[in-house]
Amino acid sequence: MKKSLKEGQILPEFIADSIAKHQHKTNIGAHQIFLGQVRADLIDEKEVVAIEYTAHEEMAEQIIHEIREETFEKFDLTCMHIYHSLGRVEKGQICLFVFVSSGHRRAANEAIVHLVEAIKERVPIFGKEILEDGSHVWKQNTSLS
Amino acid sequence: MKKSLKEGQILPEFIADSIAKHQHKTNIGAHQIFLGQVRADLIDEKEVVAIEYTAHEEMAEQIIHEIREETFEKFDLTCMHIYHSLGRVEKGQICLFVFVSSGHRRAANEAIVHLVEAIKERVPIFGKEILEDGSHVWKQNTSLS
Amino acid sequence: MDHKINIVYFGQIAEGTGKQSEMIEAKELHNKSVREFLNQQYPGIDQYAFTIAVDNKISEICDPENTREIAVLPPFAGG
Amino acid sequence: MDHKINIVYFGQIAEGTGKQSEMIEAKELHNKSVREFLNQQYPGIDQYAFTIAVDNKISEICDPENTREIAVLPPFAGG
């Protein structure tokens, strides 16, 4: 089973490599990419400088696998890639990379929305927001609806 | 006025550079990227090997500028970038790169759908699909709805 | 007054007219729509789908004496 | 029969229990829900939001003798 959790930030070069690998698949007409970036939010007037991610790794990989399978069934996609950081990711760095490819744009767009929501809601990943004074708060996802 | 039309394919490295340039903007939480890739469709049993793009360049840049402005007004975005190829783009190469960034994912997703539809519908860009035997057909966009 | 208008053709339409652009006298568009003018110049052109832009704005009508350019645009194919 | 279950804690919950995991006897969960057990072991834990996963499936109930692992999961924060 392909692993989705990876240590540290996701680099722009990694994303470029992933895009380049799809150029021989000439049935693809549309790619859609979602990137989550660590925001320097202010919490009680203190800036978030990084997020430390942990996960129930075995369960997280298993649920991401389920989300992949159900998304392939639901939408007409050629490819799908999901990567999420573990460990410390600094503000401004990328912690989530979701990449879908399809013949046509509608499937790619609908799939990416589905994937990002499902990942945020269902995957046991935990985020410790490290503040500038060394204290921390625990991040909690909110639903879109 | 920033130019959106550029000669030839859009390279993965160009996309990576563009992503990297946003890492100092720490109010961004979500990026959405749409990439259009030239499909090797079969037309009368002949494969499309490339698309040659032409445009009413002055009008196209002006309309893309209008689309940018209206999208910034409509959605809460931090950044927006639009690039479209001119000239010959081979099958598997990228001809459209739309990139929006926002504090939160909903605005980024809604904006990218709006942008891609608007670009396809309103920008005077023309595409000559070159077939494997050297003949050609003229590409025509269809609406999503 | 010898005002001239530049007519520009694109894609399939340029293929049909055999030219990318041509200058016409503004008076050729007096009492005549752009579409009527094009049909007279290029019989059969109305079998192709196209939109008209007058000085970069999509429009079927123009004021000939105040028009710099008319663009004849086949269906868009960006993306 | 001395079947043991591994309880694993994450994030804010691990911070509260002061441990990442611990082994318990299956019989400690006889006639008792996982939540009841946790409340007894860690009074006040019910002030924190958490979900329970039994052998990687979200569930409030488990069959102790056939359970390998119970995970106590605070709110998710991926992305």
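Letters go in sequence order (proteins before strands), and every chain restarts at 1.
Taking A:Lys120, A:Gln93, A:Glu47, A:Glu90 one by one and counting their heavy-atom pairs under 4.5 Å with chain B, the maximum is reached by A:Lys120. Residue with the most contacts toward chain A among B:Ala30, B:Cys95, B:Ala108: B:Ala30 (heavy-atom pairs, distance under 4.5 Å). When each of B:Ile19, B:Val48, B:Ile28 is scored by its heavy-atom pairs under 4.5 Å with chain A, the top score falls to B:Ile28.
B:Ile94 touches chain A through backbone and side chain together, each having a heavy atom under 4.5 Å away. Using a 4.5 Å cut-off between heavy atoms, B:Val116 touches chain A through its side chain atoms alone. If you measure heavy-atom distances from B:Ile15 to chain A, the contacts under 4.5 Å come from the side chain alone.
Remark: A:His31 NE2 to B:Leu96 CG distance equals 11.0 Å, nearest 0.5 Å. Interatomic distance, CZ of A:Phe34 versus CD1 of B:Ile112, reported as 11.0 Å (0.5 Å rounding). Here NZ of B:Lys91 is found 11.5 Å from CG of A:Asn27. Values are rounded to the nearest 0.5 Å.
Counting only residues at least two apart or in different chains, side-chain hydrogen bond (donor to acceptor under 3.5 Å, both in side chains) contacts with residues 7-26 of chain B comprise B:His22-B:His81.
Contact record, B:Ala16 with A:Ala16: CB-CB, 3.6 Å, taken as the closest heavy-atom pair.
In the displayed structure, B:Asp44 atom CG is contacted under 6.0 Å by at most 12 heavy atoms of other residues, nucleotides or ligands.
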